[in-house]
Amino acid sequence: MANVVLGVTGSIAAYRAADLARELMRGGCTVRVCLTPAAEKFVTRVLFESLTGQPCLVWAFDEPEAGRMAHIDWARQADLLVIAPATANILNKIASGVADDMLSTIALAYTGPMLVAPAMNPAMLANETTQASLRRLVSRGVEVVQPAEGEVACGEHGQGKLASVSEIASAAMALIGWTRRLEGRRVLVTSGPTREPIDSVRFLSNRSSGKMGAALAKAALWMGADVTVVTGPAAVPPPLGPKVVRVETALEMLAAASREAPTADLILAVAAVADYRAAEQHPGKMRRTEEDLVLRLVPNPDVVAELGRLAKPDAVLVGFAAEPTDDLAAARAKLERKGLHFIAANDVSQAGIGFESDENELVLIGREGSPERSGRLSKIGCAKWLLDRVAQALPGERETP
Ligand SMILES: Cc1cc2nc3c(=O)[nH]c(=O)nc-3n(C[C@H](O)[C@H](O)[C@H](O)COP(=O)(O)O)c2cc1C
């Protein structure tokens, strides 16, 4: 049974959250409601406590169980956080991390999937700040059930009406179904660049930031998987939750990932492992001279191919190819050569996607069928898109309805 925290904020549409709570309960969810103090002007705690049979929180210091911090307990225990209706105020607050009441504090402490259903006056929705907050939330993987067009409570016409209860409930139930998709599966993600030392202070590396690996680890966690991340020195930290093994070099990456690979059901080899390392590591710091310096490099082992050899026969192995052109031939050749089930290619020559950026655009090539294109999405959006597709290849997996 999924635990849903339903946040209700200060909109006239707050009364419709009562039907939404019932709809989610009919879907088999345990629903606990958190009202903002403004929502309490429209609806009452008693209404939701009677409907759900659960305590309802309002104030930042509400503590239904003495001595327990409810905001942390509720954030930890929730499988899904739904905010419906979501005011402009709460969207702007959670987008920028303000935590000045119980709901925004739970939202800040919560690391799982979230759904928001905005409801407000059309000018408040169109406001640049509200739009920027919505974009920010989407880039973190928050699902938005868009408000409908029509006459809003203030008498104006435009977009801003809360979506229908059935639309919000189905989006929530779909998200809950999705969060079960990798339950019981072990997922291994290799992430970030590697560093190949030249001397005690210098190294060879590449521009991988680790953002795509972190996004995949987060999405896999949201889907219920038991996740291990083996990461090189990435610019962004891995999400909270998975087992994290930190490595520096390709050889360390190979050793650490090899220990995890034999028990993994899904291997996502996102790390940009250096193809070469210095043949000799200079002891101490090399001194500058006026002479040319020739570095001899030797090839590193092929980490992905090695993981493929160690993996269970029915494990699914996904590689990544950062290709400077939109020519998929190189990616396809890599798929064959390394015995991958899928390869996700992205064109790193395009501005604004790929290395270091927050967005990506993937082309997923499988052993069969035509390549699929994700279109330009946030990295977490790409991660969700990719996992939905590769999960279909796992043994015993049914296609999502
Ligand atoms: C009658 C009335 C209706 C309101 N409806 C909305 C609404 O639908 N959407 C919205 O964003 N704000 C609405 N507001 C303004 C919010 O209640 C106000 O910004 C409040 O601070 C929101 O607090 P909260 O986000 O903590 O619930 C309304 C205010 C009043 C007085």
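Atoms within each ligand, like the ligands themselves, are counted from 1 in listed order. Because only heavy atoms are used, hydrogens play no part in the values below, and waters and symmetry mates are left out as well, while side chains stay in.
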Salt bridge Arg288-Glu290, side-chain N to carboxylate O under 4.0 Å: yes

Is the contact between Ile12 and ligand 1 made by the side chain, the backbone, both, or neither, using heavy atoms and a 4.0 Å cut-off? both

re atom 24 (P) of ligand 1, the protein heavy-atom contact at minimum distance is Asn89 ND2, 3.4 Å

Which ligand 1 atoms, with their elements, are less than 4.0 angstrom from a heavy-atom of Thr9? 27 (O)

Which residue and atom name correspond to the protein heavy atom nearest atom 2 (C) of ligand 1, and how close is it? Phe42 CZ, 3.5 Å

Identify the closest protein heavy atom to atom 25 (O) of ligand 1: which residue and atom is it, and at what distance? Thr87 OG1, 2.6 Å

What do you reckon, does Ala119 put a non-hydrogen atom under 4.0 Å from ligand 1? yes

With atoms numbered from 1 as shown, which atoms in ligand 1 lie under 4.0 angstrom from a non-hydrogen atom of Met124? 10 (C), 11 (O), 12 (N)

Salt-bridge criterion met for Asp226 and Arg186 (N-O under 4.0 Å): yes

Would Cys34 and Val58 count as a side chain to side chain contact (heavy atoms under 4.5 Å, CB included) if you check the C-alpha gap in whole Å, the side-chain angles of each, and the deciding distance to 0.1 Å? CA-CA 6 Å; Cys34 181; Val58 180; over 6 Å; no

Ligand 1 N/O within reach of Thr36 N/O, cut-off under 3.5 Å: yes

What is the nearest protein non-hydrogen atom to atom 20 (C) of ligand 1, stated with its residue, atom name and distance? Ala38 CB, 3.9 Å

Quick one: does Gly10 get an N or O within less than 3.5 Å of an N or O on ligand 1? yes

Under 4.0 Å from atom 7 (C) of ligand 1, is there at least one protein heavy atom? yes

Suppose we measure from atom 11 (O) of ligand 1 to each protein heavy atom; which comes out shortest, and what is that distance? Ala88 N, 2.8 Å

List the atom of Asn346, the atom of Leu362, and the distance in Å for their closest heavy-atom pair. CB-CD2, 4.0 Å

I'd like to know if the side chain of Arg181 reaches the main chain of Met223, judged simply by a donor and an acceptor atom lying under 3.5 Å from each other, with no hydrogens or angles considered. no

Using a strict cut-off of less than 4.0 Å between a Lys/Arg side-chain nitrogen and an Asp/Glu carboxylate oxygen, indicate whether Glu280 and Arg296 qualify as a salt bridge. yes

Closest non-hydrogen contact found for Asp62 with Ala70 is O-CB, 3.6 Å

Tell me if a side-chain donor or acceptor on Thr87 pairs with a main-chain N or O of Thr9 at a distance below 3.5 Å. no

Basic-acidic side-chain contact under 4.0 Å: Arg337, Asp302: no

Could you tell me the residue and atom name of the protein heavy atom closest to atom 5 (N) of ligand 1, and the distance to it rounded to 0.1 Å? Ser11 CA, 3.6 Å

